[in-house]
Amino acid sequence: MTYSRIAGTGGYLPEKILTNHDLERMVDTSDEWIRTRTGIVQRHIAADNEMASDMALYACRKAMAAGGVAAGDIDLIIVATTTPDMIFPSTACILQDKLGIEDCPAFDVQAVCSGFIYALATADMFIRAGKCRNALVVGTEIYSRILDWTDRGTCVLFGDGAGAVVLTQSDRPGILSSHLHADGGHRKILAVPGSICGGKVEGKPFVMMEGNTVFKFAIKVLEEVVYEALAENTLQVSDIDWLIPHQANIRIILSTAKKLGIPMEKVVATLDKHGNTSAASIPLALDIAVRDGRITRGQHVLLEGVGGGFTWGAVLLRW
Ligand code: ACO
C-alpha cells in the first residue's frame with residue numbers, strides 16, 4: 001500500500017506586529033475585550049511589498065529543509081489561499097517559479113479557513129494514487145488587505161502568515177483519513193462579497209461576518225467532524241494525542257475541546273501570537289508544536305478546520 005506522511009513543516013510570520021494596544025488607537029476597542037472574547041494578543045502584518053507567494057516561499061523553504069527534500073524533488077504544489085497575489089496566475093504557479101521548479105502540477109485551493117485541510121486531503125489522494133511522491137502543501141494569507149480597518153467587529157480578529165508541509169510517499173501511514181464538507185447555503189454569514197468587473201470593484205471587498213452565527217456553526221461542525229474521523233478509524237477521543245484546530249477564537253477552541261472531553265493540555269492553541277490567519281492557521285500551529293517538541297513520532301494528531309463557504313473538514317494522521 002502507498003500512503004502519505006508529513007516529512008517536514010515550516011512557518012512564516014511577517015516582521016511587523018500589531019498588538020491589541022495598537023488597535024485601541026485605531027478603532028473603539030480594548031485589549032481586554034479582544035483578549036477575553038477571542039484570546040488574541042497580537043497579529044502580524046505583511047509589508048507593503050510582501051505577497052502571499054513570498055510568505056509561502058519562506059514557509060516552504062523551512063518545510064523542505066526540515067523534511068530533507070530539495071526543490072527538485074517536489075512534484076506537486078497546492079496552495080490554499082483566499083488572498084492570492086493576483087486573479088491569475090495562481091499563487092501556486094508564482095510560488096513554483098520562485099522555488100525554481102520548472103514542471104509539476106501547481107494549483108490553488110479556495111476553501112477559506114478550511115483551505116489547508118482541503119489542500120492536504122487533495123495532496124494525500126494524489127500520493128496514494130501514485131501520481132506524485134513529494135508535495136508541497138501550503139496555507140498563506142494576507143487578510144490585512146481585505147479587512148475594513150474601521151470595522152472593530154472584524155479587523156481585530158485576523159492576521160497574516162504562512163504555513164507549509166512537505167507531504168511525502170510512504171509505505172506506512174501517515175495520513176489515516178481525511179473528511180471534507182461544504183454547505184454553500186451558509187455562504188452569506190462569512191464572506192468578502194466583492195468582485196471585479198470592467199476594471200472596477202463591485203460589491204464590498206472586505207471581510208463581512210455574522211460573528212455569533214459563525215461561532216455557533218463552527219462549534220457544531222468541529223465536534224461532528226472529529227467523531228466522523230474517529231469512527232472511520234475505530235478510535236476513541238482518548239486516542240487523540242494532539243488536536244490542532246483552526247486558530248480562529250480561543251472560545252471556539254475551548255468549547256470544542258470541552259464538548260469532546262479533550263483536555264486543553266492536548267490542544268495546540270497559538271492564536272494569541274498571530275490571530276486568525278485563515279488557511280495558514282493550522283500549518284502554523286502544527287509547525288510550532290512540531291518544532292517545540294510537543295508532537296512526537298507515533299502520536300495521533302487530528303487537524304480540523306472550518307471557514308467561509310461554509311466549509312469544514314479534518315485530517316487524522318499518525319505522526
Ligand atoms: N471591541 C469592543 N467591542 C466590540 C468589538 C471590539 N473589537 N467588536 C464588537 N464589539 C461589541 C459589539 O458592538 C457589541 O456591542 P453592543 O452589545 O453594544 O451591541 C458587543 O461587543 C458584543 O458583540 P457580539 O458580536 O455579541 O460579541 P461576541 O461575544 O459574539 O464576540 C466575536 C464577537 C468575537 C466576533 C465572536 O462572535 C466570534 O468569535 N465569532 C466567531 C467569528 C470568527 O472567529 N470568525 C473568524 C472567521 S470564521 C472562522 O475562521 C471559523
Side-chain angles (χ1 to χ4, degrees), residues 18-43 80-83 110-118 139-144 146-161 163 180-184 186-193 206-226 243-257 259 269-272 274-285 303-314:
L18 187 71
T19 66
N20 293 348
H21 293 294
D22 294 329
L23 281 165
E24 286 174 346
R25 292 188 285 276
M26 296 165 63
V27 285
D28 182 13
T29 191
S30 67
D31 174 54
E32 200 264 334
W33 192 97
I34 302 171
R35 274 179 200 255
T36 52
R37 300 289 180 118
T38 73
I40 299 165
V41 176
Q42 63 175 45
R43 68 287 294 141
T81 186
T82 320
T83 50
Q110 222 287 32
V112 198
C113 303
S114 313
F116 183 76
I117 297 291
Y118 268 67
T140 182
E141 300 280 18
I142 305 190
Y143 263 57
S144 59
I146 56 167
L147 293 172
D148 174 355
W149 287 100
T150 66
D151 175 14
R152 68 178 182 175
T154 52
C155 76
V156 304
L157 301 174
F158 298 91
D160 303 337
L180 302 180
H181 296 272
D183 182 353
H186 298 286
R187 71 188 185 280
K188 291 182 181 163
I189 61 173
L190 178 59
V192 177
F206 298 117
V207 174
M208 315 288 285
M209 182 179 69
E210 292 175 29
N212 280 313
T213 315
V214 169
F215 195 97
K216 286 178 199 144
F217 191 87
I219 289 170
K220 175 178 171 292
V221 298
L222 287 173
E223 182 191 16
E224 285 171 1
V225 81
V226 169
L243 179 68
I244 306 190
H246 169 47
Q247 308 286 311
N249 183 313
I250 194 65
R251 292 190 296 142
I252 294 177
I253 294 174
L254 285 167
S255 300
T256 305
K259 282 175 87 177
T270 57
L271 81 168
D272 56 321
H274 53 67
N276 183 347
T277 56
S278 191
S281 95
I282 295 169
L284 267 172
L303 314 176
E304 60 166 358
V306 57
F310 242 75
T311 58
W312 66 100

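Since we're looking at a predicted model, the values are computed, not measured. In listed order, ligands and their atoms are each counted from 1. In this chain, numbering begins with 1 at the start of the sequence shown.
Among all non-hydrogen protein atoms, the one lying nearest atom 48 (S) of ligand 1 is L190 CD2, 3.2 Å. For atom 26 (O) of ligand 1, the closest non-hydrogen atom on the protein side is N212 ND2, 3.4 Å. Here the heavy atom of the protein found nearest to atom 51 (C) of ligand 1 is V306 O, 3.4 Å. Atom 13 (O) of ligand 1 has its closest protein heavy atom at R152 NH2, 2.9 Å. Protein heavy atom in closest approach to atom 50 (O) of ligand 1: H246 NE2, 2.7 Å. Scanning the protein for heavy atoms near atom 1 (N) of ligand 1, the closest one is T29 OG1, 2.6 Å. Closest protein heavy atom to atom 44 (O) of ligand 1: A248 CB, 3.7 Å. For atom 28 (P) of ligand 1, the closest non-hydrogen atom on the protein side is R37 NH1, 3.4 Å.
Qualifying ring-ring contact (aromatic ring centres under 6.0 Å, His included) partners for F206, counting only residues two or more places apart in sequence or in other chains: none. Residues passing the salt bridge (charged side-chain N to carboxylate O under 4.0 Å, His left out) test with R37: none are found, sequence neighbours excluded.
A donor-acceptor contact closer than 3.5 angstrom is absent between the side chains of Q247 and T277. No hydrogens or angles considered: nothing links the side chains of Y118 and T311 as a donor-acceptor pair under 3.5 Å.
Counting heavy atoms only, G211 comes closest to atom 41 (C) of ligand 1 of the residues G211, G305, G308, C155. The closest heavy-atom contact to atom 9 (C) of ligand 1, among the options W33, F158, F217, W312, comes from W33. Heavy-atom proximity to atom 45 (N) of ligand 1, evaluated over M209, Q247, E210, E32, is greatest for M209.
Among all heavy-atom pairs drawn from G307 and S114, the shortest one is N-OG, 3.3 Å. For the residue pair L243 and P245, the shortest heavy atom distance occurs at O-CD, 3.3 Å.
Put simply, atom 17 (O) of ligand 1 has no protein non-hydrogen atoms near it, under 4.0 Å away. Shown here, atom 39 (O) of ligand 1 is in close reach of the protein: a heavy atom of it lies under 4.0 Å off. Under the 4.0 angstrom criterion, atom 22 (C) of ligand 1 counts as having a protein heavy-atom contact.
Side-chain atoms of R152 come within 3.5 Å of backbone N or O of D28 as a donor-acceptor pair. Judged by distance alone, with hydrogens and angles left aside, the side-chain atoms of D160 form a donor-acceptor pair with the main-chain N or O of S144 at under 3.5 Å. Formation of a donor-acceptor pair under 3.5 Å by the N20 side chain with backbone atoms of I40 is found in this model.
Of all atoms in ligand 1, numbered sequentially from 1 with element shown, those under 4.0 Å from a heavy atom of V156 are 7 (N).
Looking at I117 and W312, their side chains never come closer than 4.5 Å, going by heavy atoms from C-beta outward.
The shortest N or O to N or O distance between N276 and ligand 1 is below 3.5 Å. For a threshold of 3.5 Å applied to N or O pairs, the pair formed by R251 and ligand 1 contains at least one separation below that value.
Residue-environment remark: CZ (R251) exceeds the threshold of 12 foreign heavy atoms within 6.0 Å.
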